[in-house]
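Being a predicted model, the structure only gives us computed values, none of them experimental.
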Amino acid sequence: MDLTPLLATPGLEKWEWQMERAFQTALWWLQPEVIFILGDIFDEGKWSSSQAWADDVQRFQKMFRHPSHMQLKVVAGNHDIGFHYQMSEYRVKRFEKVFSPERLFSWKGVNFVMVNSVALEGDGCDICSQAEAELVEISHKLNCSREQVQGSDQCGDGQWLPWSAPVLLQHYPLYRISDANCSGDDAAPPEERSIPFEERYDVLSREASQKLLWWLQPRLVLSGHTHSACEVLHAGGVPEISIPSFSWRNRNNPSFIMGSLTSRDYALSKCYLPFEDTVLTTYCGAAGFVLVLVLAHFECLASPFLFGWNLLRMPTPTTRFFLDLRELPSKPWQWAEQETTAA
């Protein structure tokens with residue numbers, strides 16, 4: 001069966017109205033079955049007090065409201081629970097209480113693995129160890145769903161997942177040196193693409209990336225975090241697509257991905273939102289036009305049509321220049337006489 005997810009990476013702040021209008025329009029027009037948001041849904045979630053967090057959640061739920069027949073899935077980003085050195089059990093639980101701790105999601109024969117990539121630091125911290133243990137368990141379930149191992153003693157007689165190589169969803173991209181090989185209208189600016197990425201800050205470490213590819217053997221990886229688009233082909237031919245920001249705060253041309261997936265295949269399309277400067281210019285032009293109409297209505301300004309007609313009837317500067325020349329004295333000494341008479 002066909003599955004159509006909508007994927008985006010937002011960021012809750014003063015550009016809320018743009019994201020809300022874009023999201024609601026996309027839902028109405030595209031009618032996705034599942035929506036995935038790849039982290040950083042809040043701007044200051046890692047610092048928020050309990051009351052500020054509750055207020056932000058309420059704003060998020062208003063902006064990203066959706067019909068009951070559509071599912072919304074969210075993975076954690078560093079702005080939601082903090083970077084690894086800021087992450088705490090309290091912040092993780094607070095996030096998962098609202099957005100569910102679900103890691104493995106199967107829908108219509110398609111398996112999705114949603115990773116807390118902030119916890120893949122590899123230093124053995126409690127949250128990191130728990131995250132890795134969850135991924136190992138998911139790997140076991142996926143392996144047991146393969147036809148060739150379902151009869152093995154290791155899997156028992158449990159309920160199998162529908163066999164389908166999973167789609168990996170996470171906030172941090174898998175390890176790559178930089179965006180030097182990325183291209184497109186929504187890629188990073190050319191002067192920034194060759195700047196090396198820092199492991200565990202801009203991208204996952206080499207070790208964590210290799211573990212994810214080995215444990216889960218995904219057919220597709222979708223990530224966010226960098227605010228810019230990029231397509232990468234990892235070892236074994238696994239493609240990764242970094243999805244750019246959904247907010248004008250981070251780029252002038254936000255976008256999102258619309259996908260159609262089956263258990264064996266997928267097709268993705270890039271959907272661009274309006275340019276910020278184009279929308280603002282349009283709004284300013286429309287506001288100016290309305291202001292002129294209002295002033296004209298209250299007779300504070302001549303009718304635009306009358307003003308235009310009078311403007312057309314006015315002589316051009318070139319015509320006035322030649323008229324003035326014809327009134328000049330024909331002899332130079334008459335200049336002084338005219339000035340004396342005028343005085």
- Task: Starting from the C-alpha separation in whole Å, work towards a yes-or-no answer on side-chain hydrogen bond (donor to acceptor under 3.5 Å, both in side chains) for S48 and R94.
- Result: CA-CA 11 Å; S48 296; R94 182 173 68 173; 5.2 Å; no
- Note on the structure: Tightest non-hydrogen contact, residues E33 and W107, listed as OE1-NE1, 3.5 Å
- Query: In this structure, are over 12 heavy atoms from other groups packed under 6.0 Å from F83 atom CZ?
  - Reply: yes
- Query: In terms of side-chain geometry, is the basic nitrogen of D185 or K270 positioned less than 4.0 Å from the acidic oxygen of its partner?
  - Reply: no
- Message: Applying side-chain hydrogen bond (donor to acceptor under 3.5 Å, both in side chains) to H84 and D123, what does each step give before you reach the verdict?
- Response: CA-CA 10 Å; H84 176 262; D123 64 349; 3.2 Å; yes
- Message: Could you walk me through whether L135 and V113 satisfy the side chain to side chain contact (heavy atoms under 4.5 Å, CB included) test, starting with their C-alpha distance in whole Å, then the side-chain angles of each, then the deciding distance to 0.1 Å, before giving a yes or no?
- Response: CA-CA 9 Å; L135 292 172; V113 179; 4.2 Å; yes
- Query: Taking side chain as C-beta onward, heavy atoms only, is F99 less than 4.5 Å from D80?
  - Reply: no
- Taking NZ, NE, NH1 and NH2 as the nitrogens, is one of them in R103 or E137 under 4.0 Å from a carboxylate oxygen of the other? no
- Test item: S209 and H234 side chains (from C-beta on) under 4.5 Å apart, heavy atoms: no
- Query: Side chains of N78 and K46: closer than 4.5 Å at any heavy-atom pair?
  - Reply: no
- Does the ring of F112 carry K73 above it, NZ/CZ under 6.0 angstrom from centre and within 45° of its axis? no
- Message: Donor-acceptor check, side chain of S145 to backbone of L161, threshold 3.5 angstrom: yes or no?
- Response: yes
- Is there a path of hydrophobic side-chain contacts, each under 4.5 Å between heavy atoms of I, L, V, M, F, W or Y residues, that connects F197 with I241? no
- Message: Let's go through S228 and E192 carefully: what are the C-alpha distance in whole Å and the side-chain angles of both, what is the deciding distance for side chain to side chain contact (heavy atoms under 4.5 Å, CB included) to 0.1 Å, and is it a yes or a no?
- Response: CA-CA 11 Å; S228 301; E192 297 179 7; 5.9 Å; no
- Query: Under a 4.0 Å N-O cut-off, is there an ion pair linking R59 with E20?
  - Reply: no
- Query: Hey, are the side chains of E132 and K211 touching, using non-hydrogen atoms and a 4.5 Å cut-off?
  - Reply: yes
- Query: Atom CG in D56, atom CE in M63: separation rounded to 0.5 Å?
  - Reply: 10.5 Å
- Query: Crowded around D55 CG? As in, over 12 foreign heavy atoms under 6.0 Å?
  - Reply: yes
- Pairwise side-chain contact, V221 with L212, heavy-atom cut-off 4.5 Å (strictly under): no
- Message: Quick check on Q58: does its CD atom have over 12 non-hydrogen neighbours (other residues, nucleotides or ligands) under 6.0 Å away?
- Response: no
- Task: Return yes when atom OH of Y272 has more than 12 non-hydrogen atoms of other residues, nucleotides or ligands closer than 6.0 Å, and no otherwise.
- Result: yes
- Can you tell which of F256, F246, F64 makes a side chain to side chain contact (heavy atoms under 4.5 Å, CB included) with I37? F64
- Within the side chain of D265, is there an N or O that forms a donor-acceptor pair under 3.5 Å with the backbone of T262? no
- Closest contact, heavy atoms only, L204 versus Y175: O-CB, 3.4 Å
- Message: With a 3.5 Å distance limit and no angle check, can you tell me whether E207 reaches the backbone of G122 through a side-chain donor-acceptor pair?
- Response: no
- Item | Heavy-atom donor-acceptor pair, S117 side chain to Q170 backbone, under 3.5 Å | no
- To the nearest 0.5 angstrom, please state how far the OH atom of Y172 sits from the CZ atom of R200. 11.5 Å
- Task: With rounding to the nearest 0.5 Å, note down the distance linking OG in S247 to CE in M19.
- Result: 4.5 Å
- Message: With rounding to the nearest 0.5 angstrom, report the OG to CD1 distance, S194 to I177.
- Response: 11.0 Å
- Message: Between D186 and N253 (side chain of the first, backbone of the second, donor and acceptor by atom type, cut-off under 3.5 Å), is there such a pair?
- Response: no
- Under 3.5 Å, is there a donor-acceptor pair between the side chain of D43 and the main chain of H79? no
